[in-house]
Novice: 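Structure provided below as structure tokens; questions to follow.
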2 protein chains.
Amino acid sequence: MSDAEPRVPLAHRVPDLGALELLLAIARHGSLGRAARELGISQPAASGRLRSMERQLGVALVDRSPRGSRLTGAGALVTDWARRVVEAAEAFDAGTQALRGRRDSRLRVAASLTIAEYLLPGWLVALRAQRPDTAVSLLAGNSAAVARWLFAGEADLGFVEGLAVPEGLDGAVIGHDRLVVVAAPGHSWTRRRAPLPAAELAAASLILRERGSGTRQVLDSALSRWGGLGEPLLELASTTAVKAAVVSGAGPAVLSELAVAEELAARRLREVRVEGVSLGRALRAVWPRGQTPAGPARELLGLTGSRL
Amino acid sequence: MSDAEPRVPLAHRVPDLGALELLLAIARHGSLGRAARELGISQPAASGRLRSMERQLGVALVDRSPRGSRLTGAGALVTDWARRVVEAAEAFDAGTQALRGRRDSRLRVAASLTIAEYLLPGWLVALRAQRPDTAVSLLAGNSAAVARWLFAGEADLGFVEGLAVPEGLDGAVIGHDRLVVVAAPGHSWTRRRAPLPAAELAAASLILRERGSGTRQVLDSALSRWGGLGEPLLELASTTAVKAAVVSGAGPAVLSELAVAEELAARRLREVRVEGVSLGRALRAVWPRGQTPAGPARELLGLTGSRL
DNA sequence: CATCGCTCATCACCCCAGCTTATGACCCCA
DNA sequence: TGGGGTCATAAGCTGGGGTGATGAGCGATG
């Protein structure tokens with residue numbers, strides 16, 4: 001790992017979450033005082049905070065008047081950007097709260113890592129909006145672990161990705177994931193007109209997670225007809241590390257669509273279409289056979305888009 | 001606007017950005033001390049901060065040992081969630097920095113509101129990663145304002161959405177946007193099997209932005225063959241307000257795909273397919289005729305995916 | 001016209017979160 | 001056995017952000 005040139009940290013250039021929340025509250029209420037009340041602080045505190053945020057950013061955000069406050073044009077834009085930060089923080093909060101995992105939770109969820117990482121926080125935020133008092137706890141692990149937790153009665157509801165429902169569990173498909181081949185813009189594969197033949201994918205040197213990761217296993221078995229995966233170009237310990245290597249142009253990789261959705265949208269990565277091999281897999285909610293989810297579990301299932 | 005029941009603010013439950021950044025740095029470096037150095041703080045500061053973050057979250061994040069530190073399982077998950085917050089903060093920072101708009105910027109960009117809100121921050125983050133010393137300034141306004149700024153020499157490069165390149169400007173298509181009909185899950189339109197006929201859309205009561213907004217104009221002219229838009233169900237001042245109303249089930253609306261991408265992915269909203277009317281529009285980079293972008297402008301264009 | 005009710009700003013004061021430096025314990029390796 | 005690395009603890013300082021009191025601008029109301 002490269003060494004540590006001191007950098008001005010982001011936290012010094014971005015207002016803290018409290019200030020961003022304040023800005024959103026001001027936008028909603030059109031008044032510093034009411035925004036302050038919503039956040040449980042005094043009106044002078046809000047006034048001072050807003051002022052120091054404007055000083056820090058060097059932009060006037062709010063037009064104050066004796067009969068209320070309105071966002072300036074720039075303020076509206078900044079507020080929209082701030083909303084994204086706050087939403088990410090809300091997902092973070094919902095996730096960590098579940099991870100804290102109090103034993104007395106009304107709903108105990110077990111999920112595969114991919115789902116826990118990319119989908120679950122959003123569901124939990126939605127669930128909280130709908131039933132603010134439902135305490136949820138979360139256990140994250142691979143499919144086998146999820147099944148184990150369900151059988152042992154340590155979880156009420158599980159989420160796994162994979163081709164089949166584990167034996168002894170019932171399940172419902174709640175969505176789909178797909179492994180996609182990605183490469184940095186400019187890589188020769190991104191200039192192809194025709195899809196990449198599976199055989200060529202199997203023959204190529206890819207950036208991979210270390211042996212044993214779920215993604216790698218799925219890929220290897222999907223390519224078994226072509227002799228399985230070739231020699232890896234690089235073996236890395238985390239999805240994030242793989243993405244970073246691909247973005248920096250080290251080579252192509254195969255990752256879950258969920259993991260690369262943002263990078264594809266921002267065009268930091270390009271998808272390479274492949275033919276001759278199917279890399280889709282279902283996302284499933286699962287529960288012990290016979291124990292049809294009810295109560296909060298059913299509520300959460302509804303939010304995932306499942307019709308049960 | 002409803003009244004202000006005091007709520008525990010998010011900021012008290014989520015570690016501040018500095019702490020999240022620290023966690024990411026620890027994950028990268030595998031050492032508190034090196035992470036501290038990267039952030040320009042002392043090792044005891046990092047130690048204390050990490051400890052208080054773990055106490056706040058009630059989760060052990062890092063396994064310390066006399067020869068380094070590694071994330072725990074829960075820590076890895078928390079780190080992934082934290083990364084999203086930090087990335088949103090980076091986009092916020094890039095955006096506001098441009099908005100501050102120092103006169104001596106190397107690159108002065110003018111953009112329509114939609115592009116400034118949803119796409120530009122990501123491009124600026126990417127540009128910064130690639131050319132850390134390029135100062136960018138941003139002017140945001142409607143298409144006419146963008147054209148005006150370019151003609152007046154107050155901006156070097158513009159971004160607009162719309163059907164045609166404004167007179168006197170050259171341009172390149174960098175992407176596409178589409179107006180989509182959205183409704184809350186469960187709305188009758190979301191249960192249709194066949195696409196909604198345009199005539200039915202025109203006849204319906206929709207939640208709309210106030211008269212004069214670009215989206216509303218485009219929609220109205222696209223539906224002119226069917227008599228234009230019907231009576232609005234509700235008129236609201238911002239895209240955000242419209243989205244909130246739709247999510248809460250007030251009724252359907254028509255919004256830019258960019259604006260609702262997240263809500264669609266999280267299934268808070270559903271897209272209703274429509275037939276008989278085309279609601280696509282190109283996203284274009286534009287510049288004064290003849291002044292082909294060069295230098296940083298060209299660099300930025302490359303990041304948008306344009307081939308120029 | 002005076003007064004009330006809402007807006008926001010300013011001032012004085014206070015407190016604690018988070019920083020620093022100095023130090024110590026643990027582990028590994030040469 | 002000492003020197004490099006790890007992390008933790010302790011003591012002390014500082015400043016950002018909080019409170020509460022107060023005042024000024026504007027509009028509606030009797």
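First the proteins, then the strands, lettered A, B, ... as listed; each starts at 1.
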Novice: Determine yes or no for a side-chain-to-main-chain donor-acceptor pair under 3.5 angstrom, with B:Arg67 supplying the side chain and B:Ser65 the backbone.
Specialist: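 No, B:Arg67 side chain to B:Ser65 backbone: no donor-acceptor pair under 3.5 Å.
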Novice: NE2 of B:His29 versus C1' of D:dG5: gap in Å, rounded?
Specialist: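 After rounding, the gap between these two atoms is 16 Å.
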Novice: When all nucleic acid strands are considered with a 4.0 Å heavy-atom cut-off, which category describes B:Asp63: base, sugar-phosphate, or nothing?
Specialist: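 Touches nothing.
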Novice: With a cut-off of less than 4.0 Å, is there a side-chain N or O of A:Ser69 near OP1 or OP2 of C:dC8?
Specialist: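 Yes.
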Novice: May I ask you to verify if any side-chain N or O of A:Arg64 is less than 4.0 angstrom from the OP1 or OP2 atom of C:dT7?
Specialist: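 Answer no for this pair, as no side-chain N or O of A:Arg64 is under 4.0 Å from OP1 or OP2.
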Novice: Does B:Leu61 offer a backbone N or O that forms a donor-acceptor pair with the side chain of B:Thr72 under 3.5 Å?
Specialist: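 Pair found, side chain donor or acceptor close to backbone of B:Leu61.
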Novice: Rounded to whole angstroms, how far apart are CD1 on B:Ile41 and P on D:dT14?
Specialist: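 In whole Å, D:dT14 P and B:Ile41 CD1 are 20 Å from each other.
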Novice: Is A:Ser47 close enough to C:dA9 that one of its side-chain N or O atoms is under 4.0 Å from OP1 or OP2 there?
Specialist: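 Affirmative; the distance criterion is met.
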Novice: Measure the distance from CG on B:Leu50 to C1' on D:dT9 and round it to the nearest whole Å.
Specialist: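 These atoms are roughly 15 Å apart.
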Novice: Nearest-nucleotide wise, let me know which of A:Gln43 and A:Asp16 is further upstream toward the 5' end of DNA chain D.
Specialist: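 Checking each residue's closest nucleotide, the 5'-ward one belongs to A:Asp16.
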Novice: Nearest to the A:Arg51 side chain among C:dC19, C:dA9, D:dC7, which nucleotide is it?
Specialist: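 Side chain of A:Arg51 sits closest to C:dA9.
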Novice: Are more than 12 heavy atoms, taken from residues, nucleotides or ligands other than A:Arg216, located less than 6.0 Å from that residue's CZ atom?
Specialist: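 Yes, because the 6.0 Å sphere around CZ of A:Arg216 holds more than 12 heavy atoms from other groups.
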Novice: Nearest whole Å is fine: how far is D:dG17 C1' from A:Leu17 CG?
Specialist: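 Answer to the nearest Å: 15 Å.
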Novice: For B:Leu20 and C:dG18, give me the distance from atom CG to atom P, rounded to whole Å.
Specialist: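 So the CG-P distance, B:Leu20 to C:dG18, works out to 12 Å.
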Novice: How many Å lie between CZ on A:Arg34 and C1' on C:dG5, as a whole number?
Specialist: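 A:Arg34 atom CZ is separated from C:dG5 atom C1' by 13 Å.
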Novice: Tell me which one of A:Asp80, A:Leu10, A:Val14 satisfies side chain to side chain contact (heavy atoms under 4.5 Å, CB included) with B:Phe92.
Specialist: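 So the option named by the test is A:Val14.
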Novice: Of the candidate nucleotides D:dG18, D:dC7, D:dT6, which contains the atom at the shortest distance from the side chain of A:Ala45?
Specialist: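 So the nucleotide nearest the side chain must be D:dG18.
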Novice: Give the nucleotide from the list C:dT7, D:dG27, D:dG18 with an atom nearest to the side chain of A:Arg67.
Specialist: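 Selected nucleotide (nearest to the side chain): D:dG27.
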Novice: The side chain of B:Pro44 is closest to which nucleotide in this list: D:dA8, C:dA9, D:dG27?
Specialist: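 So the nucleotide nearest the side chain must be D:dA8.
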Novice: Quick check on side-chain hydrogen bond (donor to acceptor under 3.5 Å, both in side chains): which of B:Glu38, B:Arg37, B:Arg34 does B:His29 satisfy it with?
Specialist: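 Exactly one pass, corresponding to B:Glu38.
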Novice: What is the distance, rounded to the nearest whole Å, between atom CD of B:Gln56 and atom C1' of C:dG18?
Specialist: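 Distance, rounded to whole Å: 14 Å.
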Novice: Determine: side-chain N/O of A:Ser42 to OP1/OP2 of D:dG18, distance under 4.0 Å, yes or no.
Specialist: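 For D:dG18, neither OP1 nor OP2 has a side-chain N or O of A:Ser42 closer than 4.0 Å.
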Novice: Counting just side-chain N and O atoms, does A:Ser65 come under 4.0 Å of either OP1 or OP2 of D:dC26?
Specialist: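 No, because none of the side-chain N or O atoms of A:Ser65 sits under 4.0 Å from OP1 or OP2 of D:dC26.
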Novice: Touch check for A:Gly33, heavy atoms < 4.0 angstrom, all strands: base, sugar-phosphate only, or nothing?
Specialist: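 Since only primed, P, OP1 and OP2 atoms lie under 4.0 Å of A:Gly33, the category is sugar-phosphate.
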Novice: Nearest whole Å is fine: how far is C:dC6 C1' from A:Leu32 CG?
Specialist: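 Atom CG in A:Leu32 sits about 13 Å away from atom C1' in C:dC6.
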Novice: Name the closest nucleotide to the B:Ser52 side chain, picking from C:dG18, C:dT20, C:dC8.
Specialist: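 Nearest nucleotide to the side chain: C:dG18.
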Novice: Ignoring hydrogens and geometry, is there a side-chain-to-backbone donor-acceptor pair from B:Ser47 to B:Gln43 under 3.5 Å?
Specialist: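 Flag not set: sc B:Ser47 to bb B:Gln43 has no pair under 3.5 Å.
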